[in-house]
2 protein chains.
Amino acid sequence: MAALQKSIDKRNALIQATIELVNNDGFHATPMSKIAKMASVSPATIYLYFDNKQDLVNKTYIEVKACYTAYAFETYDETMPVEYGFKVIWKRIAEFKIKESANALFLAQCDNTPMIDEASRQEGIKHLQPLLDLWARGKKEGIIKPLSDYLLYAYAINPLSFLMMAQNRGSIQLTQLELDQAYEAAWSSIKVCK
Amino acid sequence: MAALQKSIDKRNALIQATIELVNNDGFHATPMSKIAKMASVSPATIYLYFDNKQDLVNKTYIEVKACYTAYAFETYDETMPVEYGFKVIWKRIAEFKIKESANALFLAQCDNTPMIDEASRQEGIKHLQPLLDLWARGKKEGIIKPLSDYLLYAYAINPLSFLMMAQNRGSIQLTQLELDQAYEAAWSSIKVCK
DNA sequence: TCGAAAAGAATGAACATTCATTTTCTGTAT
DNA sequence: ATACAGAAAATGAATGTTCATTCTTTTCGA
């Protein structure tokens with residue numbers, strides 16, 4: 001059976017093109033024809049891989065978000081002490097912003113825009129669970145302030161939001177020192193003061 | 001002279017309609033015809049007030065941003081002690097998010113999207129100067145951590161970014177307690193630990 | 001009565017999606 | 001091995017719609 005002959009490379013090229021073009025021009029200012037051209041594919045071909053433009057961008061979002069969270073939790077495991085765990089995750093997220101800046105920018109745009117379906121948004125959130133768990137543990141151990149779950153949740157969606165601001169629309173690169181400072185600031189804001 | 005016979009009400013209605021529609025559908029998914037209809041005006045009339053669609057959204061952005069900063073600094077003056085000044089500004093910003101949530105949402109979308117001209121973006125940033133000055137003072141007095149100016153700047157663009165996340169795309173309203181917690185977290189992240 | 005302001009209809013370009021063909025792949029029979 | 005049939009994949013060219021902007025005419029205020 002030829003159930004999956006469609007080229008995964010072509011699909012990836014389409015996703016990459018979508019990210020790059022949406023970053024530069026925004027969702028609605030990015031024509032399917034341009035995405036097709038950048039992916040070296042006919043416009044009609046896109047519809048073999050995705051239902052329509054909305055579906056393309058939804059799936060791109062979910063894929064990038066999954067990539068983001070996988071990256072964030074790569075070096076973390078649940079047996080780590082809370083503070084160390086937080087540090088490990090935080091640093092990975094910062095690294096993601098820097099090394100995968102196109103992906104990070106794309107996520108920022110999606111998360112602040114009516115561009116993505118609510119369902120896909122929910123889907124994208126799921127993978128952040130380990131961070132929420134870590135925080136629950138930190139609160140239980142008295143290491144993390146008893147912040148409202150709702151705030152922690154907001155924080156979890158974008159713990160680096162101010163780094164995002166620093167990175168997103170300015171093109172300046174953050175230094176290691178700045179990253180360390182940013183981490184310290186973030187940790188200070190949630191840890192219980194001794 | 002009839003240099004300004006054009007109705008300021010009509011202009012305002014157009015700006016309001018732009019904010020509301022862009023919040024719901026995004027810039028490019030908002031047709032001029034719809035903006036006109038919501039403002040009870042002919043599409044052609046928009047062009048008496050604005051050069052084109054881009055100009056309309058740029059001017060809307062600048063106006064909302066000015067409104068935001070005016071609100072933020074309303075109760076602040078430069079003679080206040082640093083910590084108190086920070087608190088006063090922060091609380092006003094939080095209030096803005098809550099009371100003027102449509103405006104806040106609009107700004108979040110503009111700031112994370114290629115929707116606004118770079119020039120207008122710069123224009124919008126200018127009014128944040130008092131906060132930068134406050135921080136310079138705080139650092140000089142040893143009250144605020146010696147964070148990189150660049151980070152403080154990023155923070156200044158959106159000191160409430162994580163509150164934004166909490167408010168923007170979820171529709172849940174934050175409680176007073178949560179706001180207090182959020183303020184404490186923000187202050188902890190930048191103050192010098194005693 | 002004149003000039004600005006406003007209106008509605010018209011224009012032309014851009015775009016998402018579909019259609020009718022062509023190309024490529026794969027499994028099978030020789 | 002080889003050729004071929006059938007199906008999936010890919011294509012470029014329509015199609016029909018939507019929309020920003022402009023044009024011509026009408027309304028309004030002084």
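Proteins come first, then strands; the chains are lettered A, B, ... in the order of their sequence lines, and each starts at number 1.
- Pairs passing the side-chain hydrogen bond (donor to acceptor under 3.5 Å, both in side chains) check and including a residue from residues 25-37 of chain A, sequence neighbours excluded, read Asp25(A)-Lys34(A).
- We find that CG of Asp9(A) is positioned 11 Å from P of dA10(D), with the value rounded to whole Å.
- The nearest whole Å value for the distance from the CG atom in Asp55(A) to the P atom in dA16(C) is 15 Å.
- Spacing between atom NZ of Lys37(B) and atom P of dA7(C) amounts to 14 Å, rounded to whole angstrom units.
- Rounded to whole Å, the distance from NZ on Lys10(B) to C1' on dA6(C) is 6 Å.
- Using a 4.0 Å cut-off between charged side-chain N and carboxylate O, Arg121(B) and Asp117(B) make no salt bridge.
- When Tyr68(B), Phe106(B), Trp90(B) are each tested for a ring-ring contact (aromatic ring centres under 6.0 Å, His included) with Phe96(B), only one passes: Tyr68(B).
- The side chain of Thr45(B) contributes an N or O atom lying less than 4.0 Å from OP1 or OP2 of dA7(C).
- Taking atom CD1 of Ile46(A) as the reference point, atom C1' of dA9(D) lies 15 Å away to the nearest angstrom.
- Rounded to whole angstrom, the span from the CG atom of Leu48(A) across to the P atom of dT18(C) amounts to 12 Å.
- Taking atom CZ of residue Arg11(A) and atom P of nucleotide dA8(D), one finds them 20 Å apart after rounding to whole Å.
- Residues in residues 72-83 of chain B take part in no salt bridge (charged side-chain N to carboxylate O under 4.0 Å, His left out) pair, two or more places apart or across chains.
- Taking the centre and axis of the six-membered ring of Tyr71(B), the NZ or CZ atom of Arg92(B) falls inside the cone set by 45° and 6.0 Å.
- Counted by atom type alone, Gln16(A) and Glu20(A) present zero donor-acceptor pairs between their side chains at under 3.5 Å.
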Tabulate atom names and distances for all N/O pairs under 3.5 angstrom spanning the protein and nucleotides 16-22 of chain D.
{"from": "dA20(D)", "atom 1": "OP1", "to": "Thr30(B)", "atom 2": "O", "distance (Å)": "3.3"}
{"from": "dA20(D)", "atom 1": "OP1", "to": "Met32(B)", "atom 2": "N", "distance (Å)": "3.4"}
{"from": "dA20(D)", "atom 1": "OP1", "to": "Lys53(B)", "atom 2": "NZ", "distance (Å)": "2.8"}
{"from": "dA20(D)", "atom 1": "OP2", "to": "Met32(B)", "atom 2": "N", "distance (Å)": "2.5"}
{"from": "dT21(D)", "atom 1": "OP2", "to": "Tyr47(B)", "atom 2": "OH", "distance (Å)": "2.7"}
{"from": "dT21(D)", "atom 1": "OP2", "to": "Lys53(B)", "atom 2": "N", "distance (Å)": "2.9"}
{"from": "dT21(D)", "atom 1": "O5'", "to": "Tyr47(B)", "atom 2": "OH", "distance (Å)": "3.3"}

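- When rounded to the nearest whole Å, the span between CD1 of Ile8(B) and P of dA5(C) equals 13 Å.
- Residue Tyr49(A) places at least one side-chain N or O closer than 4.0 Å to OP1 or OP2 of dA10(D).
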